[in-house]
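One-based numbering, in listed order, for ligands and for the atoms of each.
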Amino acid sequence: MARATVQWLWTLFIVVAMGNGANGNNNIGVNWGNMASQPLPPPNVVGMLKDNGLNKVKLFDADSSTLNALAGTGIEVMVAIPNDMLSRMNTYRHAKDWVKKNVTKHLYNGGVNIRYVAVGNEPLLASYNDSFKQITLPALQNIAKALEGAGHGDIKVSVPLNADVYESSSTVPSSGDFRGDVKDLMLDIVAFLKEKGSPFIVNIYPFLSLYQNPNFPEDFAFFDGNGKSITDNSRTYNNVFDANFDTLVWALKKNGYGDLKIVIGEIGWPTDGHIKANNKYAKKFYDGLLKKLAANKGTPMRSGPLEAYLFGLLDENTKSIDPGDFERHWGIFRYDGQPKFPMDLNGKDNTKKLIGAKGVQYMESKWCIFNTNATNQDNISASVDYACSMSDCTSLGYGSSCNDLDVNGNISYAYNMYFQMNEQSVEACDFDGLATITSNNASQPGCLFPIEVVSSAIKHNIVPTHVVLLSFMLMLLVLL
Ligand SMILES: *[C@@H]1O[C@H](CO)[C@@H](O)[C@H](O)[C@H]1NC(C)=O
Ligand SMILES: *[C@@H]1O[C@H](CO)[C@@H](O)[C@H](O)[C@H]1NC(C)=O
Ligand SMILES: *[C@@H]1O[C@H](CO)[C@@H](O)[C@H](O)[C@H]1NC(C)=O
Ligand SMILES: *[C@@H]1O[C@H](CO)[C@@H](O)[C@H](O)[C@H]1NC(C)=O
Ligand SMILES: *[C@@H]1O[C@H](CO)[C@@H](O)[C@H](O)[C@H]1NC(C)=O
Ligand SMILES: *[C@@H]1O[C@H](CO)[C@@H](O)[C@H](O)[C@H]1NC(C)=O
């Protein structure tokens, strides 16, 4: 009898454990940004999250169509206040209003499982020249107070920070501390996070180490343990992620916060727009990262599970390319929700495929290309520059997927991107007669000439069917 019970418990345990495996890894979340000309409709994206067992999502705003799609799913959500709203949040009344409209509104029975509010996004980035330095902490404090006031004290606040808020005076993590110009502020922020039981959220990018420093040892950006290693107080580091993370652990420890919880807010690898940004490198990075996360071993200074949000979910073709052309290619899925390369979120089987978004609607299969027969060819270069500046030509550059196009291919690529990102409007494929629309797929080997998706952002511009029907009937009446 007892034996049977034990066996039954074991079966239950195994079922629960397997269920958990199939439903995804609880240490992994994903960043869902929306800076795209034609964003995938939120319901398609949410379906994709569920199909892949992704049960934590980090947003960059609190857009209500996104949150409505997440309602009732149980997915843990981090909503965010963009940097340009931080100054407004320095007034408590506005913070209270923000919480009411963007948090409380979604917390009805069967609503959204909001777990965190991110106040700003990397507001202390060195390249922002202190633009948000004075307004970050007051915004954080006001939002925390407003959440508590509204009875949502269980929702944690934090500020996702770039790893550039700390540095190391030598190459070893143990010499880490907060960046001099923000150190006092960081100590105040960290004290506040500790008091509120909130995590430190940090974005760590091994790709950028490689990108910014041509002499960076390539293997050190990955997790395979090949090549260079660093020894620090008898701890061995064979990848830049561990070294970077532990630099933060040391910075916290030195200042009296050695046990503050750390969450990785962004980590990932782009797949286009740079010679080291492609599916092969990205797969290598994710294979190592996901295996590491699944092992629950942590870093040399912090053992145990790590919680990380992958960056990002989808490619975003209207992001700023100030950081580099790769910036629009961070998705583990393409712009249309289709997986780019095999990936197992459970870190076990690196031949496994992610499940693509279902029910995606594409625009018509037509492309805009260079009309080689055009009589006046004077304005090609100006029109290409214009098309690229208003669309996305980040796949054309050196080392990118479309770098092998010939001159005519380059021109067509630019025209086509402009055309697709402008909803295939006929006027967007003219360029003084230099361009023409074709139904022949203009893609070249390795270089996709994409057809955009029908986005929810434009759906409400389409005349509803019943209106069309009604007009048709009225017309018939008039004719009769
Ligand atoms: C907060 O809600 C308001 C009103 O619904 C909305 O206009 C605004 O975009 C939301 N804020 C963010 C950061 O998404
Ligand atoms: C920061 O300062 C540098 C150098 O003065 C300048 O080039 C850059 O545009 C500034 N950035 C911002 C975001 O103000
Ligand atoms: C240019 O003209 C040739 C010959 O008439 C035709 O075969 C070709 O399709 C034309 N090219 C374009 C881009 O229209
Ligand atoms: C050349 O193309 C640009 C961009 O399409 C346009 O603004 C400009 O008027 C054109 N110039 C001529 C001479 O056609
Ligand atoms: C196509 O454009 C890219 C980006 O401007 C450039 O690097 C490449 O050399 C061009 N190719 C040709 C054949 O002109
Ligand atoms: C065009 O061709 C490319 C490359 O073969 C393919 O991946 C893409 O799906 C095609 N597009 C359409 C709309 O058929």
Side-chain angles (χ1 to χ4, degrees), residues 32-35 42 58-68 70 77-89 94-107 112 114 116-121 139 143 146 157 272-275 279 321 324-325 334-340 356 360-370 380-381 383-389 391-417 419-420 424 437-454:
W32 175 5
N34 249 329
M35 297 179 77
K58 178 169 170 286
L59 308 176
F60 293 92
D61 55 23
D63 175 69
S64 56
S65 60
T66 303
L67 288 168
N68 291 342
L70 285 162
V77 179
M78 184 183 308
V79 292
I81 299 171
N83 289 340
D84 61 10
M85 282 179 73
L86 290 178
S87 77
R88 199 174 158 76
M89 297 306 131
H94 290 152
K96 230 171 92 172
D97 189 50
W98 189 90
V99 165
K100 188 175 154 201
K101 288 189 176 131
N102 300 284
V103 177
T104 311
K105 188 179 118 192
H106 300 287
L107 295 180
V112 185
I114 299 177
Y116 295 104
V117 176
V119 179
N121 185 36
I143 291 294
V157 287
D272 207 354
H274 184 259
I275 187 91
N279 286 348
I321 49 169
D325 281 353
R334 305 189 328 182
Y335 70 101
D336 59 353
Q338 302 314 308
K340 294 175 175 176
V360 176
Q361 277 179 275
Y362 293 86
M363 288 192 296
E364 271 179 68
S365 292
K366 55 185 186 188
W367 291 261
C368 176
I369 57 167
F370 175 41
I380 292 178
S381 146
S383 62
V384 165
D385 288 350
Y386 176 78
C388 285
S389 71
S391 66
D392 174 26
C393 295
T394 53
S395 297
L396 287 181
Y398 170 67
S400 300
S401 60
C402 298
N403 194 237
D404 290 339
L405 294 178
D406 61 14
V407 182
N408 291 354
N410 264 5
I411 302 166
S412 290
Y413 189 88
Y415 291 170
N416 183 61
M417 287 308 284
F419 175 65
Q420 303 298 345
Q424 299 185 341
I437 294 172
T438 173
S439 56
N440 296 328
N441 192 336
S443 301
Q444 306 272 331
C447 168
L448 179 72
F449 280 55
I451 297 292
E452 274 297 340
V453 304
V454 176

_Below 4.0 angstrom, counting only protein heavy atoms, does anything approach atom 5 (O) of ligand 6?_
no
*Just jot down the ligand 6 atoms closer than 4.0 angstrom to any heavy atom of Ser365, in number order.*
13 (C)
_Shortest protein contact, atom 12 (C) of ligand 6 (heavy atom only)_ = Asn441 ND2, 3.5 Å
*Judged by atom type as modelled, is there a donor-acceptor pair below 3.5 Å linking the side chain of Ser391 to the main-chain atoms of Ala387?*
yes
*In the protein, which heavy atom is nearest to atom 9 (O) of ligand 1, and how far is it?*
Asn102 OD1, 4.8 Å
*With a 4.0 Å heavy-atom cut-off (strictly under), which part of Ser64 contacts ligand 1: side chain, backbone, both or neither?*
neither
*Which of the numbered atoms in ligand 1 are below 4.0 angstrom from a heavy atom of Pro82?*
13 (C)
*Counting from 1, what ligand 5 atoms have a heavy atom of Val407 closer than 4.0 Å?*
13 (C), 14 (O)
*Select one of side chain, backbone, both or neither to describe which atoms of Ile81 lie under 4.0 Å from any atom of ligand 1, heavy atoms only.*
neither
*Selection from Leu396, Asp385, Thr394, Asn410 by shortest heavy-atom distance to atom 10 (C) of ligand 5*: Asn410
*Can you name the closest pair of heavy atoms from Asn102 and His106 and give their distance?*
O-CD2, 3.4 Å
*Does Thr438 reach the main-chain N or O of Asn440 with its side chain, forming a donor-acceptor pair under 3.5 Å?*
yes
*Considering only heavy atoms of Asp63, which atoms of ligand 1 have at least one such atom less than 4.0 Å away?*
14 (O)
*asked:* Could you identify the single nearest non-hydrogen protein atom to atom 7 (O) of ligand 5 and state the distance to 0.1 Å?
replied: Asn403 ND2, 3.6 Å
*Would you mind listing which atoms of ligand 1 come within a distance below 4.0 Å of any non-hydrogen atom of Asp61?*
14 (O)
*Which atom names give the shortest non-hydrogen contact between Asn279 and Lys340, and what distance separates them?*
ND2-O, 3.4 Å
*To the nearest 0.5 Å, how far apart are NZ in Lys366 and CZ in Phe419?*
5.0 Å
*Checking Asn403 side chain against Gly397 main chain: does a donor-acceptor pair fall under 3.5 Å?*
yes
*Measure the SG-CD1 distance between Cys388 and Ile411 for me, rounded to the nearest 0.5 Å.*
10.5 Å
*Numbered atoms of ligand 1 (with element) below 4.0 Å of Lys101, judged on heavy atoms*: 2 (O), 4 (C)
_Distance, nearest 0.5 Å, that separates OG of Ser365 from CD of Gln424_ = 8.0 Å
*Hey, which atoms in ligand 1 end up nearer than 4.0 Å to a heavy atom of Ala80?*
13 (C)
*Counting each atom of ligand 1 from 1 as listed, which ones have a heavy atom of Met85 under 4.0 Å away?*
13 (C)
_Check whether Asp272 reaches the backbone of Ser395 with its side chain - one donor and one acceptor, N or O, closer than 3.5 Å._
no
_Could you work out, for atom 13 (C) of ligand 5, the closest of Asn408, Leu405, Val384, Ile411 by heavy-atom distance?_
Leu405
*asked:* To the closest 0.5 Å, what do you measure between NZ (Lys58) and OH (Tyr116)?
replied: 11.5 Å
*Short question: side chain of Asn416, backbone of Trp367 - any donor-acceptor pair under 3.5 Å?*
no
*Write out the residue and atom name of the closest protein heavy atom to atom 14 (O) of ligand 1, then the distance separating them to 0.1 Å.*
Ala62 N, 2.8 Å
